[in-house]
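In what follows, every chain begins at residue 1, and chains take the letters A, B, ... in the order their sequences are listed.
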Amino acid sequence: MSTRIDRRFAALKQEGRAALVTFTMAGDPDADTSLAIAKALPKAGADVIELGMPFTDPMADGPAIQAAGLRALKAGARTSKTLALVREFRKSDDATPIVLMGYYNPIYIYGVDKFLIDAKAAGVDGLIVVDLPPEEDEELCLPALKAGLNFIRLATPTTDDKRLPAVLSNTSGFVYYVSIAGVTGSAAPDAGKVAAAVARIKRHTKLPVAVGFGVKSAEQARAIAACADAVVVGSALVDALCKSLDNSGKAGLGTVKAVTDLVAELAQGVRAARRVAAT
Amino acid sequence: MSAPQPNSFRTGPDERGHFGIYGGRFVAETLMPLILELEKAYAQAKADPKYQQEMDGHLANYVGRPSPLYFAERLTEHLRKTASGLSAGGAKIYFKREELNHTGAHKVNNVLGQIMLALRMGKKRIIAETGAGMHGVATATLCAKFGLPCIVYMGAVDVERQKPNVLRMRMLGAEVRAVESGSKTLKDAMNEALRDWVSNVADTFYCIGTVAGPHPYPAMVRDFQSIIGHETREQMQAAEGRLPDSLIACIGGGSNAMGLFHPFLDDRAIEIYGVEAAGHGLKSGKHAASIAGGKAGVLHGNRTYLLMDDDGQIEEAHSISAGLDYPGIGPEHAWLHDMGRVQFLSATDDEAVAAFQLCSKLEGIIPALEPAHALARVLDLAPSKPKDHLMVLNMSGRGDKDLDSVAAFLESKKR
Ligand SMILES: Cc1ncc(COP(=O)(O)O)c(C=O)c1O
């Protein structure tokens, strides 16, 4: 069964370049602005859209994404509204893959079966759930695969060769390599180390390998894109959004543009990488 | 409450850390290898008689165990007088004196076990979360004793209301980091400790303060705290020639309660009561009673009862007691509740403060606000029992840390 994610990575392989995966928080700073941002992302250069599902207690996130989640919740975000955002997006874009990323509790409370049906119907392609390691695959991973959604797993610097097969076993779509042991938005990873880690993962799987955590600039995106199949940028975009807000935390006139400008820069970095690699 | 009864209540968890549907290992991949390593190291330590011997030595000479089982005679008499309507009524009340341990609470029993394990594992840096500060103080204390650097995460609200403990931790050489995220209490301190652990995987040991978190923590902390119940069995046999009729303890995450309860779970005639914090009242929405007011969900590595809204967003807990101010409960308690083996009650801020004052004046023991919640329920349970009923309250900590909070509370009531 091929999904939008599979098709997008196949097409980019043909093009000979890495994908830019953008992370923004659904409902941040409010539902309408967040939809406007999502709609503008593909044109700005995003190849895959990751949408954060807000949660009160994001244990693996740094201050930027914590704050984004709380802004969204304050503006009334909830799981059903995240799915509504995806439904709206799909009315005008049937090609760009959408991956929801978050924590398990809101999905568990929504009801796993109902969530999978509704997410699939809304046009969601994949899920990344931070607090569901392979040891808990029966909870959501296996039902999601059965429902035709990709379940994308995180591999980390602590995932050794002995453990990698377990992490990869029920993974589909792509593998997300967390380039540093840390929370989102931490210091930038060392490109040399990342290349070695990606090579190590590729010895175990044919899936595309995306690299994220700590990528902030076009230059860093270029360096990572030279050795990985995709570059994920989150905290930097969320930070750009945050800086564009007015004093009361509301979206300003420049909020959508603040995000898309940075996405365009990052996309250039990603596209420059293979040119360097090719020459 | 009509769940099929197991042959034993003491065999959990299964190898994946489940107590019925509760427990488990809901953590980020970065932490998973560390948790598996911890599980293995703990199993090895448990099987090593030298580890247990060394721990026994420290428990006796450093912690000051065994803690006494004390007959609270004046409280018993007081409640027998007020039980006038029920002429023959009034249980005989005993306190298990965990407040006499070094550092002033039961927390040290668990911390000793974990720090000795950290040393065996070659870990060089200890982190902990704390609410009331008692777990933080115990961790800072043992880190001082064993020469380890110690970082304690504490919600900014708790830093404010438990100042004496912040000063103690700093005096002991620990670094106290005030957590400004979320509700700035215990749950946020735990989030921040988990974030630290994810960022410092190579050398850091996370010393969790209660029977919660990912497997193996709930089982491991329970094992370390079970010395409370084991001693109580022996001491009650010595004092009364038989086992007690009921046990009662307060529930934050549930470690002092589980430590007392676990060795008695299969003595099915014994009534067991856990007391949650009802804050301003269960109906007010401002409380910390996750069994009474929550439902099953996933947070901090385990499935358990949690306070949350209908979207699965975790709600802030409210209690005058910083140590009970947590929107969850250990997974084994969640299971024991579903099985009907432990009955969960609650006590409000008002009731806890009244019990705090009564105990201070009648027994010369200033209890911590946490066990004062359990004491509040003793005040109405004991009179309803016959005179030969033996009731044990876990006096989990002493109240020096709470004098400011209680004084401020009483002052606010006057206005
Ligand atoms: C004296 C005392 N009792 C009880 C608790 C609550 O924790 P637990 O339910 O794990 O025993 C605390 C926590 O800080 C405490 O300090």
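- Between B/Leu306 and B/Thr304 there is a side-chain heavy-atom pair separated by less than 4.5 Å.
- Heavy-atom pairs under 4.5 Å with chain A peak, among B/Arg25, B/Met32, B/Glu29, at B/Glu29.
- When heavy atoms are compared at a cutoff of 4.5 Å, B/Leu299 approaches chain A solely by way of its side chain, counted from C-beta outward.
- For A/Pro58, the parts lying under 4.5 angstrom from a heavy atom of chain B are both the backbone and the side chain.
- Your options are A/Ile107, A/Ile180, A/Asp61, A/Val178, and the one with the most heavy-atom pairs under 4.5 Å with chain B is A/Asp61.
- Close approach to chain B, defined as a heavy atom under 4.5 Å from one of its heavy atoms, is seen in no residue of residues 23-35 of chain A.
- At a 4.5 Å heavy-atom cutoff, the contact between A/Ala77 and chain B is made by backbone atoms alone.
- Residues A/Lys146 and A/Leu142 have side chains not in contact (no heavy-atom distance under 4.5 Å, counting atoms from C-beta outward).
- Two residues are said to be in side-chain contact when any heavy atoms from C-beta on lie closer than 4.5 Å; A/Tyr103 and A/Asp57 fail this criterion.
- For the 3.5 Å distance criterion, the side chains of B/Tyr305 and B/Asp338 qualify, holding a donor opposite an acceptor.
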Between side-chain atoms of residues 124-134 of chain A and protein atoms elsewhere (two or more places apart, or another chain), which donor-acceptor pairs fall under 3.5 Å?
unit_1   : atom_1 : unit_2   : atom_2 : d
A/Asp125 : OD1    : A/Arg4   : NH1    : 2.6
A/Asp125 : OD2    : A/Arg90  : NH2    : 2.9
A/Asp125 : OD2    : A/Ile98  : N      : 2.7
A/Asp131 : OD1    : A/Tyr104 : N      : 2.9

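- Top candidate by heavy-atom pairs under 4.5 Å with chain A, chosen from B/Lys187, B/Met308, B/Arg303, is B/Arg303.
- Scored by the side chain to side chain contact (heavy atoms under 4.5 Å, CB included) test, A/Lys81 finds A/Arg78 as partners (sequence neighbours excluded).
- Using modelled atom types and a 3.5 Å distance limit, the side chains of B/Tyr217 and B/His300 yield no donor-acceptor pair.
- Of the atoms belonging to A/Ser186, not a single heavy atom falls under 4.5 Å from chain B.
- Top candidate by heavy-atom pairs under 4.5 Å with chain A, chosen from B/Val27, B/Leu194, B/Asp196, B/Leu34, is B/Val27.
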What verdict does the side-chain contact (heavy atoms from CB on, under 4.5 Å) test give for A/Tyr110 and B/Asp310, after you've listed the backbone C-alpha separation in whole Å, the side-chain angles of each residue and the deciding distance to 0.1 Å? CA-CA 8 Å; A/Tyr110 192 95; B/Asp310 62 355; over 6 Å; no
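- Formation of a donor-acceptor pair under 3.5 Å by the A/Glu135 side chain with backbone atoms of B/Phe26 is not found in this model.
- For chain A, the nearby parts of B/Ala296 are the backbone and the side chain; heavy atoms of each come within less than 4.5 Å.
- Here B/Pro13 pairs with B/Phe19, B/His215, B/Ala219, B/Arg222 under the side chain to side chain contact (heavy atoms under 4.5 Å, CB included) rule; sequence neighbours left out.
- With a 4.5 Å cut-off on non-hydrogen atoms, A/Gln66 touches chain B through its side chain but not through its backbone.
- Contact annotation: the side chain of B/Asp158 never approaches that of B/Lys184 to less than 4.5 Å [non-hydrogen atoms, C-beta and beyond].
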